[in-house]
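See structure below.
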Number of protein chains: 2
Amino acid sequence: MLSHASLLDRSPAVAGGTPGRCASCGARGNALCASVDEAGLTALHALGRRRILPSGQVFNWAGDRNNHCAMLVDGMLKVTASTSDGREQIVELLFPGDFVGELFEEDATLTISALCETDLCAYPRIAFERTLEQHPRMERMLLHHALAALGDARARMLALGRRNARERIAGFLLDLVERTGRPAPGGGVRIAIPISRGETADYLGLTIETVSRQLSRLKAQGILAFAKGDRDCTVLREDRLHTILNPV
Amino acid sequence: MLSHASLLDRSPAVAGGTPGRCASCGARGNALCASVDEAGLTALHALGRRRILPSGQVFNWAGDRNNHCAMLVDGMLKVTASTSDGREQIVELLFPGDFVGELFEEDATLTISALCETDLCAYPRIAFERTLEQHPRMERMLLHHALAALGDARARMLALGRRNARERIAGFLLDLVERTGRPAPGGGVRIAIPISRGETADYLGLTIETVSRQLSRLKAQGILAFAKGDRDCTVLREDRLHTILNPV
DNA sequence: CGTATGGTTGAGCCTCCTCAAGCGCTGTGG
DNA sequence: CCACAGCGCTTGAGGAGGCTCAACCATACG
């Protein structure tokens, strides 16, 4: 699953061509890097270090100095905000090709950690920002990324502020269908819930128990099918998920 | 309060100097425009139309074509997301100097409306985006703006997903103190809640009644003082608001 | 085999929502 | 000038949705 980059690939950039590590990078196609010209890619390559983060390990703690950012090559990260007494809210989920980190901030306000073994291309934050200044096309891509993330965050604010548990679960499942759904053999759509019940709860602003109960209820109603405790499931009635999410 | 710009200021840009309308613009100091060079400002000026939005009027409806964006010169806007059955969530409040609109989107997903008489400098969206491409410094400013908005949105997601009513109110009041607080004559900090109870509820993901009750409770506890139904109030015990927001 | 982890399910409770009534202010029309 | 409607806000009573606490099950792992 993970690509076979060494932990510290320092192969020198090849002048005039796509640098070796980048050429073989799994994220080359859909990442920020995709629309960067050769010069920009070479500059990035000189800065970047390939790094593998074991499952559960954190990339950066809220409150620590914000020294690094990265491109996510393979795996998954969660970005969490916390209250002082330890309540957690997953503020974003990161997938291959996504930008990782908080730019232009001295100290990190969010904790970023790996949901599974995760492969990323890490840069010193300051140097990355300087490179950005010299490559307007990269800056433009990042602007697009930031605006997309902002749109996402706003949709989630609506869910967290105004939707009940059932609607949040329906919306979450529909997001998964849209992002990773594949037709199931016997009809319906197969999806894999990429995170645990607890993480789903932290993502949707609910508790583990409520998430579990709502999923069970969807199963009892024949809308969703899954083996007990399983993250692989198939959506049998996508239409009914839509009517749950959009009532009246 | 509002500046006296005509509804349609089409005075031609002055080559080599700050265009007349911009020079006298109240937002010139802290807006996107502030860090744009002469050439960029001239380009923007050629595009912009000064426009006054009466209180309550909408700048753009969710679902409509997304033809315009703007710089907020004076007044206040709210940006709302809605469910299909009419529940509303205020997703952002906009103040003078803020950028208004959704870039790079064919159709608007959010409704933007005026909370009071509001003065803005509106641009055709596509033309604005093209101008952006030619002025990397503007693009950089917008990136900063977008990242700041994203940071805000994430803090609000934590509040909406994980904080109770009392904590949300405390956080809201502390935000106002930080943004607009002025020392009160008899001690404490004077603030003006800039929106109605109903809008506060839509902003915090609560109901009008809960907002009202929580404010009354803070008053009864001597933390906050205000006349019945009044939006002007003084925070008597800022420290206690902090301990409400950050328990344990 | 015992423990740990993740998930499900149940019982009871609490916070916040819903519904309703009432207050004070403003603006309007008779 | 007063009556009245409308709006924003407050306050109360009751109910429901989701949280808390707890028990239990299945699987993985040492």
Side-chain angles (χ1 to χ4, degrees), chain A residues 55-56 78 83 85-90 115-116 159-173 192-221 224-233 244 247-248, chain B residues 55-56 78 83 85-90 115-116 159-173 192-221 224-233 244 247-248:
Chain A
S55 179
K78 65 173 173 179
T83 62
D85 60 346
R87 284 168 283 170
E88 284 209 348
Q89 176 66 44
I90 297 183
L115 290 167
C116 59
L160 294 173
R162 292 302 184 202
R163 293 200 204 279
N164 63 29
R166 189 167 166 80
E167 293 166 344
R168 293 184 206 185
I169 293 285
F172 178 59
L173 292 175
I193 299 176
I195 51 181
S196 73
R197 297 289 188 267
E199 283 150 356
T200 306
D202 285 346
Y203 186 73
L204 297 177
L206 302 168
T207 58
I208 296 183
E209 297 93 326
T210 301
V211 170
S212 182
R213 272 187 261 266
Q214 293 295 339
L215 288 174
S216 296
R217 188 170 159 210
L218 291 176
K219 183 158 104 177
Q221 293 173 327
L224 192 68
F226 61 96
K228 183 165 180 164
D230 203 350
R231 294 188 196 170
D232 288 313
C233 55
I244 290 171
V248 175
Chain B
S55 179
K78 64 174 174 180
T83 61
D85 61 346
R87 285 168 283 170
E88 283 207 350
Q89 176 66 45
I90 297 183
L115 291 168
C116 59
L160 294 172
R162 292 302 184 202
R163 291 199 204 278
N164 64 28
R166 188 167 167 79
E167 293 165 344
R168 293 184 206 186
I169 293 285
F172 178 60
L173 293 175
I193 299 176
I195 50 181
S196 72
R197 297 288 188 268
E199 283 151 355
T200 305
D202 285 346
Y203 185 72
L204 298 176
L206 302 169
T207 59
I208 295 184
E209 297 93 326
T210 300
V211 170
S212 182
R213 271 188 260 265
Q214 294 295 339
L215 288 175
S216 296
R217 189 171 158 209
L218 291 176
K219 183 158 103 178
Q221 293 174 325
L224 193 67
F226 61 97
K228 182 166 180 162
D230 203 350
R231 295 188 198 170
D232 289 313
C233 55
I244 289 172
V248 176

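If you're wondering where the values come from, they're calculated on a predicted model, not measured in any experiment. Naming: A, B, ... by sequence-line order, numbering from 1 per chain.
- Applying the side chain to side chain donor-acceptor pair (under 3.5 Å) criterion to A/Glu88, with sequence neighbours excluded, gives no partner residue.
- Looking at residues 226-233 of chain B, you'll see B/Phe226, B/Lys228, B/Gly229, B/Arg231 sit with a heavy atom under 4.0 Å from some atom of DNA chain D.
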Contact state string [nucleotides 12-24 of chain D, B base, S sugar-phosphate only, - no protein heavy atom under 4.0 Å]
BB----SSBBB--
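- For the residue pair B/Asp230 and B/Arg197, the shortest heavy atom distance occurs at O-NH2, 3.3 Å.
- Atom CZ in B/Arg168 sits 5.5 Å away from atom CG in B/Leu160 (nearest 0.5 Å).
- An end-to-end axis angle of 20° holds for the helix from C/dC1-D/dG30 to C/dG30-D/dC1, taken from five base pairs per end and rounded to 10°.
- Residues passing the side chain to side chain donor-acceptor pair (under 3.5 Å) test with A/Arg231, sequence neighbours excluded: none.
- The nearest pair of heavy atoms linking A/Leu224 to A/Cys233 is CD1-SG, 4.1 Å.
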Which atom pairs, donor and acceptor, lie under 3.5 Å between side-chain atoms of residues 209-220 of chain B and protein residues at least two apart or in another chain?
residue: B/Thr210; atom: OG1; partner: B/Thr207; partner atom: OG1; Å: 3.0
residue: B/Ser216; atom: OG; partner: B/Ser212; partner atom: O; Å: 3.0
residue: B/Lys219; atom: NZ; partner: B/Phe226; partner atom: O; Å: 3.0

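- Residues passing the side chain to side chain donor-acceptor pair (under 3.5 Å) test with A/Arg162 are B/Asp202, sequence neighbours excluded.
- Rounding to the nearest 0.5 Å gives a distance of 9.5 Å between CG of A/Leu206 and OG1 of A/Thr200.
- Interatomic distance, CG of A/Asn164 versus OG1 of B/Thr83, reported as 10.0 Å (0.5 Å rounding).
- Atom CD1 of A/Ile208 is separated from atom P of C/dG10 by 18 Å (rounded to the nearest Å).
- Annotation: ring-ring contact (aromatic ring centres under 6.0 Å, His included) contacts of B/Phe172 (sequence neighbours excluded): B/Tyr203.
- Remark: nothing in residues 192-201 of chain A comes within less than 4.0 Å of DNA chain D through any heavy atom.
- Nearest heavy atom pair, residue A/Glu199 against residue A/Leu115, reads OE2-CD2, 3.3 Å.
- Residues that satisfy the side chain to side chain contact (heavy atoms under 4.5 Å, CB included) test with B/Ala170, not counting sequence neighbours, are B/Leu241, B/Ile244.
- The distance from the CD1 atom of A/Ile195 to the CG atom of A/Leu204 is 7.0 Å, given to the nearest 0.5 Å.
- The side chain to side chain contact (heavy atoms under 4.5 Å, CB included) check on A/Pro247 picks up A/Glu167, B/Ser84, B/Asp85, B/Arg87, with sequence neighbours excluded.
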Might you list the N or O atoms of the protein lying below 3.5 Å from N or O atoms in nucleotides 27-30 of chain D, with each pair's distance?
none

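- When all heavy atoms of A/Ala192 and A/Asp232 are compared, the closest pair comes out as CB-OD1, 3.3 Å.
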